[in-house]
Amino acid sequence: MKDQLSGLFAQAMNTLKANKIIPDDHQVNLVFERTRQKEHGDFACNVAMMLAKPARMNPRKLAEMIVEALPEDPLVNKIEIAGPGFINLFLNNDAHLRVLSAVLENAENFGLAEANSKQKILVEFVSANPTGPLHVGHGRGAAYGDALARVLAAAGNQVEREYYVNDAGRQMDILAVSVWIRYLQIAGIGREVSLPSNCYQGGYVTEFGSKIFDEHGEAYFIETEQFLAESLTRSNSEALKELESLSNEELASLCDRLNKSLEELELDYEKKYLEESLDNRIAHAKAVLGDDGFSVFQNTALNSILSDIKNDLSEFGVDYDTWYSEKSLFDSDKIDRAMSSLKESGDVYEKGGAWWFRSTAYGDEKDRVVIRDNGQPTYFASDIAYHKDKIDRGFDLSIDVWGSDHHGYIPRVKASLQALGLEPEKLKVLLVQFAVLYRGGEKVGMSTRSGEFVTLRELREDIGSDAARFFYAMRKSEQHMDFDLDLAKAQNNENPMYYVQYAHARICRLFEKAQEAGIDTDTIGNADFSELGNDQEVAILTLLQRFPEVVEKAASVFEPHQITYFLKDLATAYHSYYNSNKVLEAQESRRLAMLALSEGTRQVINNGLTILGVGAPISM
RNA sequence: GCGCCCGUAGCUCAACUGGAUAGAGCAACGGCCUUCUAAGCCGUAGGUUACAGGUUCGAGUCCUGUCGGGCGCGCCA
């Protein structure tokens with residue numbers, strides 16, 4: 001519809017250009033807006049106001065000339081100039097009606113652009129470390145990422161979903177050590193050895209330890225004394241000693257330079273000490289267990305957690321095309337190659353025993369370490385290789401969905417693409433705020449390490465996948481969000497998903513009733529749509545017509561929540577219609593048309609819910 | 001301290017990326033079921049869009065500053 005109007009206005013523009021009313025070379029951006037109020041017609045165009053300046057003319061006067069130059073069109077009933085210079089277009093009833101046959105003909109494809117007609121897009125989302133079960137924060141990323149992928153596909157893009165598995169690096173080592181310590185506790189050292197606070201605390205870690213003990217017995221057991229002696233050789237941290245050796249003046253200047261208070265500084269060093277002793281434990285565990293033994297602990301945990309995550313997401317309706325292993329980046333030398341290439345170009349240099357990426361050359365705040373002085377590549381090094389690989393795989397656009405706490409990471413990743421001669425615009429990072437959970441009116445804490453968190457699985461079991469997905473998809477991703485678990489759990493009308501689903505179920509039931517009454521509902525496609533025309537019917541028809549526009553818009557700005565708001569509007573319009581129009585009591589010809597309108601509504605609700613990954617029940 | 005995000009009705013959130021009189025839901029109040037599902041509908045009330053400037057025909061939206069909240073600023077991921 002907008003295209004058609006656009007065509008009319010384009011002709012008018014040409015006429016005005018020919019008459020030298022507006023400059024020949026002036027780019028005209030035609031925008032048609034759905035009006036908010038009926039008095040303003042169906043569409044409004046602001047082109048007269050946009051062109052007032054270049055044409056050096058009063059916008060209302062210019063609007064008159066544009067209207068004058070518009071060719072006739074049978075679908076346009078009336079044109080008015082209003083306000084500061086809006087051109088308001090009133091469509092005739094036929095223009096409203098024709099959408100209905102389009103919905104009925106295209107059915108589940110209505111609103112969807114031609115498949116794979118646009119860009120090839122990779123959407124990477126969730127990508128949580130496989131060090132524990134997914135929690136509700138990941139749930140929002142999952143619901144958003146998948147709805148985004150679906151809406152992008154609906155808008156005609158070829159979309160692939162990917163999960164980046166961080167199966168390499170220090171976090172995996174910490175996981176293995178955590179399991180080993182639990183195993184030692186089970187095997188007999190007992191309470192004498194405690195799990196350090198920076199290890200993984202969740203109950204699942206104990207289960208893995210117990211599982212390994214069941215399968216391997218005491219094969220990986222060592223005595224308490226040996227464990228304590230060897231893993232805590234550095235009882236006093238070098239870092240703390242270093243701090244203590246400084247004079248007061250030096251301390252003060254250090255605080256000043258780092259912009260931190262003395263207390264913060266001490267906290268930093270204490271943390272550093274904890275991390276150092278954890279590194280010692282990792283090294284110790286590897287030495288005691290050997291590579292094979294260590295990997296028993298690591299792989300037992302990794303495989304189990306990963307399959308749990310896959311299963312969890314699948315039950316949530318999220319299925320990936322690719323599970324991309326970070327480890328594979330090492331095995332295929334992609335990291336080495338990316339690093340050498342950056343070394344050659346001078347974007348990676350050595351300083352203080354470590355290798356640094358010169359991200360400041362591309363607008364980042366500071367240079368970043370890619371290879372630590374102990375020879376270990378950082379997570380960032382993998383990420384450089386990973387993002388390069390994504391673009392190398394031929395995607396026009398690569399979307400990363402990240403928790404917003406990682407936003408500071410964006411400049412360096414973009415910088416790395418630039419340094420590698422790739423277009424940084426091909427990477428789009430979308431941020432998702434963590435939802436703040438409330439239960440019983442109180443915030444629910446969330447920390448993976450401490451083990452106090454609500455898992456995605458618990459959430460799904462509480463409120464169901466549909467409600468969780470709809471609820472998450474209802475918020476703009478970057479918006480802070482309060483997730484009231486009690487409210488979401490309560491299956492009442494406060495949950496907008498029920499409202500939308502109910503409209504769908506209502507229509508299904510209406511058709512059942514119609515069939516029970518002997519009405520031939522298969523012929524609705526042949527109904528005389530001109531029977532429709534009251535305000536509520538026009539309102540619904542207008543919404544149906546808007547659906548493809550909403551899909552396109554939502555996809556272009558990466559905002560699937562627009563679909564949820566559209567569905568609420570459509571459900572409202574239908575519920576209202578349903579309450580004041582008795583479909584089955586209408587006379588035959590009108591009844592058939594009303595059924596056609598109802599089916600059109602049902603179809604669009606179904607299509608919209610499908611984009612959100614939410615079911616459309618036929619009864620409730 | 002610096003950087004990014006955010007601030008809209010009592011609460012939770014929209015507002016077609018600069019359009020006309022800022023909209024929904026909940027909560028409050030008043031109506032509607034012998035009639036296709038009341039998980040619904042209709043009505044009332046609720047606002048200086050945090051604040052102050054600026055840009056222009058026009059600002060919740062853009063620019064500057066202030067205040068308030070979140071996050072980030074590691075040879076962590």
Side-chain angles (χ1 to χ4, degrees), chain A residues 31-37 39-40 44 46 49-50 52-53 58-60 82-86 88 129 131 166 169-172 174 198 258-260 268 271-272 275 351-356 365-366 368-374 376 378-380 382-383 403-411 431 433-434 436 474-476 478-484 487 491-496 498-499 501-503 505-514 516-517 546 549-550 553-554 556-557 559 561-562 564-566 568-569 571-572 574-585 598 619-620:
Chain A
V31 178
F32 295 92
E33 237 179 19
R34 293 279 178 182
T35 56
R36 226 186 281 269
Q37 292 165 71
E39 302 79 62
H40 297 147
N46 64 359
M49 290 178 289
M50 301 292 285
K53 194 169 249 182
N58 172 314
R60 284 196 68 116
F86 288 103
N88 290 335
N129 282 346
T131 51
N166 294 110
R170 186 164 177 267
Q171 293 305 318
M172 290 310 299
I174 296 173
N198 49 354
L258 299 174
N259 206 353
K260 281 181 173 162
D268 280 0
K271 209 165 134 190
K272 197 171 171 187
E275 296 305 317
K351 192 182 95 183
W355 289 87
W356 298 70
E365 290 172 343
K366 52 178 89 167
R368 312 289 176 174
V369 170
V370 285
I371 299 170
R372 297 201 265 166
D373 58 6
N374 64 8
Q376 292 293 310
T378 61
Y379 179 88
F380 181 41
S382 316
D383 249 5
S404 61
D405 53 337
H406 289 77
H407 66 80
Y409 205 74
I410 299 172
L431 301 173
Q433 280 282 352
F434 283 123
V436 181
M474 224 163 53
R475 265 57 170 157
K476 201 186 281 184
E478 274 182 71
Q479 190 68 251
H480 295 104
M481 169 183 180
D482 286 353
F483 200 132
D484 186 334
L487 189 70
Q491 304 206 348
N492 60 27
N493 55 358
E494 284 186 41
N495 188 334
Y498 289 97
Y499 185 78
Q501 288 186 328
Y502 180 47
R506 247 186 172 173
I507 296 167
C508 292
R509 179 65 185 141
L510 180 64
F511 271 73
E512 275 180 37
K513 280 274 178 185
E516 285 168 17
R546 268 187 52 202
E549 297 166 17
V550 171
K553 178 74 185 171
S556 69
V557 294
E559 291 183 355
H561 78 274
Q562 295 198 13
T564 66
Y565 283 94
F566 169 82
K568 286 203 294 190
D569 287 346
T572 300
Y574 191 82
H575 282 311
S576 175
Y577 178 58
Y578 180 93
N579 266 273
S580 50
N581 295 271
K582 293 288 176 220
V583 174
L584 299 183
E585 290 170 16
S598 298
S619 71
M620 292 174 77

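All values below were derived from every heavy atom in this structure, side-chain atoms included, with hydrogens, water molecules and symmetry-related copies excluded. It should be emphasised that the depicted structure is a prediction, and the values quoted were computed from it without experimental measurement. Quick note on labels: first sequence line is chain A, next is B, and so on, each numbered from 1.
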Base orientation of B/U12, syn vs anti, 90° cut from 0: anti

Atom-pair distance (CD on A/E549; C1' on B/C16), nearest Å: 9 Å

Ring-face cation contact, A/Y574 with A/R506, 6.0 Å cut, 45° max: no

Contact state string [nucleotides 4-14 of chain B, B base, S sugar-phosphate only, - no protein heavy atom under 4.0 Å]: BSS-----SSS

Length of the CD1-P vector between A/I410 and B/G72, whole Å: 14 Å

Basic-acidic side-chain contact under 4.0 Å: A/R546, A/E549: no

Phosphate OP1/OP2 of B/G40 contacted by A/S576 side-chain N/O (<4.0 Å): no

Residue-phosphate contact under 4.0 Å: A/Y499 side-chain N/O, B/C41 OP1/OP2: yes

From B/G19, B/U35, B/C76, nucleotide with atom closest to A/E585 side chain: B/U35

Sugar-phosphate only, base, or nothing, as touched by A/A44 at under 4.0 Å among non-hydrogen atoms: base

Watson-Crick or G-U counterpart of B/A14, or none if no pair lies under 3.5 Å: none

Partner nucleotide of B/U56 by Watson-Crick or wobble geometry (both distances under 3.5 Å): none

Side chain of A/K582 (C-beta onward), nearest among B/U17, B/U35, B/A77: B/U35

Of the listed nucleotides B/C75, B/A77, B/A20, the one nearest the side chain of A/V369: B/C75

Sugar-phosphate, base or nothing in reach of A/G352, heavy atoms under 4.0 Å: base

Whole-Å distance separating the NZ atom of A/K366 from the C1' atom of B/C73: 6 Å

Whole-Å gap separating P (B/G58) and CG (A/N46): 15 Å

Nearest-angstrom distance, P atom, B/G54 to B/U61: 14 Å

Integer-rounded Å distance: B/A20 C1' and A/M49 CE: 8 Å

Watson-Crick/G-U partner (both atom distances under 3.5 Å) of B/U21: none

Base partner of B/C4, which must satisfy Watson-Crick or wobble distances under 3.5 Å: B/G70

Per A/E365 side chain, nearest of listed nucleotides B/U17, B/C36, B/C73: B/C73

Assigned partner base of B/C29, Watson-Crick or wobble definition, under 3.5 Å: B/G43

d(CG, A/D569; C1', B/C16) in whole Å: 11 Å

Any A/R368 side-chain nitrogen or oxygen under 4.0 Å from OP1 or OP2 of B/G74: no

Integer-rounded Å distance: B/G74 P and A/H406 NE2: 14 Å

C1' atoms of B/G53 and B/G19, separation to the nearest Å: 23 Å

Nucleotide nearest A/Y578 (side chain, heavy atoms from C-beta), chosen from B/C36, B/G72, B/A20: B/C36

A/H575 over B/A39, stacked by centroid distance under 5.5 Å, angle under 30°: no

N-glycosidic conformation, B/C33 - syn within 90 degrees of 0, else anti: syn

B/G65: pairing nucleotide in any strand, Watson-Crick or G-U under 3.5 angstrom: B/C51

Rounded distance in Å between the C1' positions of B/A28 and B/C63: 41 Å

Rounded interatomic separation in angstrom, taking CZ from A/F380 and P from B/C73: 14 Å

From B/A39, B/U17, B/C75, nucleotide with atom closest to A/M620 side chain: B/A39

Phosphate-side-chain proximity, A/R506 and B/A38, N/O vs OP1/OP2 below 4.0 Å: yes

Same-atom distance (P) from B/C11 to B/U48, integer angstrom: 13 Å

